[in-house]
Novice: 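Dropping the structure in here first, questions after.
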Amino acid sequence: MKEEKKKKKTKNNFQKETEINKKDLIVYEIYVKSFKDSNDDGVGDINGISQKLLYLKNLGVNCIWLTPIFKSPQFDNGYDISNYYQIDPLFGNMEDFLNLIKKAKKYNILIMLDMVLNHTSTQHNWFKKAIEGKEKYQNYYFFKNGNSKNNPPTKWKSKFGGNAWEYVPKLDKWYLHLFSPQQADVNWNNKEVRREIYKIINFWIDNGVNGFRFDVINLVSKPDDFSNKKYKKDNYKNYTDGKKIHLFLQKLRNSYYDKKNIFTVGEFSSTNLKDFSKYTNENNSELDMGFSFFHLKVDYKNGNKWVDKKPNLKKFKKEIIKWQKYQQKNRGWVANFLSNHDQPRHISRFGDDKNYHFESATAFATLYILLRGTPFIFNGEEIGQTNLYNNDISEFRDIESKNSYYKFINERKNKEEALKIINQKSRDNGRSPFAWNNKKYFGFSKSDPWILYKNPYKVTLENDLKNKEKSIFLYYQKIIKLRKENIVFKDGLFFSHNKKKELFIYKRIFNNKEYLVVINLTNKYVKYKRKSTKIILNNYKNEKSLNYLNPYQAIVFEI
Ligand code: TEU
């Protein structure tokens with residue numbers, strides 16, 4: 001009875017106290033390390049973001065998501081947190097952060113923090129105490145007996161390569177790490193751990209943040225007993241969308257139910273349509289929205305990303321449509337995106353960054369920003385930043401890319417072939433310094449950036465703004481405004497209209513208002529008869545023929 005009452009209260013609060021609707025949000029992801037360096041040490045920082053708030057305001061976004069800024073040894077660029085209550089000195093300090101919040105408020109920009117709660121750094125105090133032999137803290141993680149010192153408890157593999165268990169000789173036990181050995185998985189089955197997590201979340205809410213992105217949050221429900229035979233084999237289903245995941249997320253939500261205006265987005269690794277709709281359905285009080293990755297895994301081969309393969313556009317389209325339709329029907333809410341800090345730049349991946357730089361950047365922006373859901377723009381895409389195109393493995397920084405490269409070399413792949421694949425798929429592609437201007441290091445910093453960007457096509461904000469007709473930034477401004485001010489795009493229904501394989505066509509409808517979004521996904525001219533003369537957005541001017549779409553043309557018609 002008491003439980004029920006509490007639940008009701010949660011729901012009501014969840015709906016009423018949120019003044020800004022999730023449907024109004026246009027989120028901008030900032031890869032903090034690479035956005036703007038204010039103290040010229042080569043690493044982006046919090047004060048750098050403060051300096052660029054006016055830029056973000058001008059772009060039109062109303063929420064920023066900062067990749068992890070907490071204390072961390074940076075094995076995985078902050079996704080290995082050693083203290084959740086402290087800012088890493090690399091990025092500044094608490095005062096800088098509170099200033100950022102204050103300033104952002106003035107610009108009506110909300111701040112979302114990246115919470116990594118599936119694992120901690122092995123330099124976290126909890127883990128250190130566990131290693132010292134304290135049982136209480138061993139129960140914060142998954143320390144298990146193997147069958148022998150060469151034989152881990154299960155055959156699970158780490159997502160960054162190798163086994164997911166690390167042996168600790170001193171304890172004669174293994175601990176679980178779904179990512180690198182420096183990232184130990186935390187035991188959510190343990191009530192004390194969950195309490196610590198609630199404390200962390202509430203600490204940041206009390207300091208004024210408006211929301212969270214929860215890293216790989218659908219991996220946190222793991223089995224209690226690893227000796228069970230069915231968990232022995234390596235199968236992602238052993239730890240993805242686990243048995244207690246919805247309960248855990250509801251409890252998490254309950255831990256801050258009395259606080260206002262908190263937005264949450266879950267990162268869902270290899271999830272499924274049904275669980276996703278439960279996570280993001282507003283009646284369930286779990287999360288506001290979520291990322292799924294199926295539309296991007298279209299250049300994988302049998303689930304393997306490290307292959308030389310062009311994206312399959314048919315599959316890309318099919319996945320987006322499938323997710324749009326299912327989540328619409330089941331009241332899920334998708335966080336739409338094409339790039340983030342783990343992905344190659346979408347202009348290089350799906351478009352043509354050399355010959356149709358403006359056209360393909362704007363076509364793909366039109367495609368995802370007007371879908372049903374909340375758009376997440378990744379820093380740099382609004383000026384068309386491209387992949388890195390490195391010449392040597394030494395130019396890469398990412399742990400996952402380096403592991404994969406050396407695995408290839410061990411498997412006797414030649415260097416060129418290995419480098420080609422790493423260049424195509426590396427997460428570093430999205431981590432290049434933001435190119436603000438044409439000065440040395442593109443105005444990102446005055447000293448050597450932590451990561452190299454040779455910028456083969458000289459993409460900078462300064463260059464982009466030189467030609468107003470072909471400015472990607474100005475196009476983003478326009479489309480963001482359209483998305484923000486139009487109820488049809490915020491709240492309308494989605495219908496796909498796909499007959500031609502080269503085109504992505506959909507409608508958004510709200511009451512009697514109707515828009516048709518038409519995108520040519522290719523670098524070819526494609527036959528297409530205009531359905532209306534009322535065009536509200538078009539990435540081409542002065543068209544010669546109305547019977548064709550130009551390469552990467554995007555048009556929004558009012559019907
Ligand atoms: O990523 C989760 C994740 O599994 C992938 O996006 C992963 O990087 C990719 O599949 C590798 O091929 C999140 C973070 O976004 C990422 O930066 C972290 O490294 C990871 O979790 C661990 O915290």
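Counting starts at 1 for both ligands and their atoms, in listed order.
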Novice: What are the atoms of ligand 1, with element, lying closer than 4.0 Å to any heavy atom of Lys305?
Specialist: 11 (C), 12 (O)

Novice: Are any of the N/O atoms on Ser269, whether in the backbone or the side chain, positioned under 3.5 angstrom from an N/O atom of ligand 1?
Specialist: no

Novice: Are Phe494 and Trp323, when compared by the centres of their aromatic rings, separated by less than 6.0 Å?
Specialist: no

Novice: Indicate yes or no: does an N/O atom of Glu267 lie under 3.5 Å from an N/O atom of ligand 1?
Specialist: yes

Novice: What do you think, any protein heavy atom under 4.0 angstrom from atom 21 (O) of ligand 1?
Specialist: yes

Novice: By number and element, which atoms of ligand 1 are closer than 4.0 Å to a non-hydrogen atom of Glu400?
Specialist: 11 (C), 12 (O)

Novice: Return a yes/no value for Asp76: is any of its N or O atoms, backbone included, closer than 3.5 angstrom to an N or O of ligand 1?
Specialist: yes

Novice: Answer yes or no: does an N/O atom from Arg213 fall short of 3.5 Å to an N/O atom of ligand 1?
Specialist: yes

Novice: With heavy-atom distances below 4.5 Å as the criterion, would you say the side chains of Tyr140 and Phe127 are in contact?
Specialist: no

Novice: Distance-only, no hydrogens or angles: does the Asp45 side chain make a donor-acceptor pair with backbone N or O of Gly92 under 3.5 Å?
Specialist: no

Novice: Measuring from atom 14 (C) of ligand 1, which candidate in Asp215, Asp398, Asn304 has the nearest non-hydrogen atom?
Specialist: Asp215

Novice: Between Phe337 and Phe293, how do the two ring planes meet: parallel, tilted or perpendicular, split at 30° and 60°?
Specialist: perpendicular

Novice: With heavy atoms only and a cut-off of under 4.0 Å, state how Phe160 meets ligand 1: side chain, backbone, both or neither.
Specialist: side chain

Novice: Do you know which two heavy atoms are closest between Ser292 and His295, and how far apart they sit?
Specialist: O-CE1, 3.3 Å

Novice: Aromatic rings Phe276 and Phe268: how do their planes relate, parallel, tilted or perpendicular, breaks at 30° and 60°?
Specialist: perpendicular

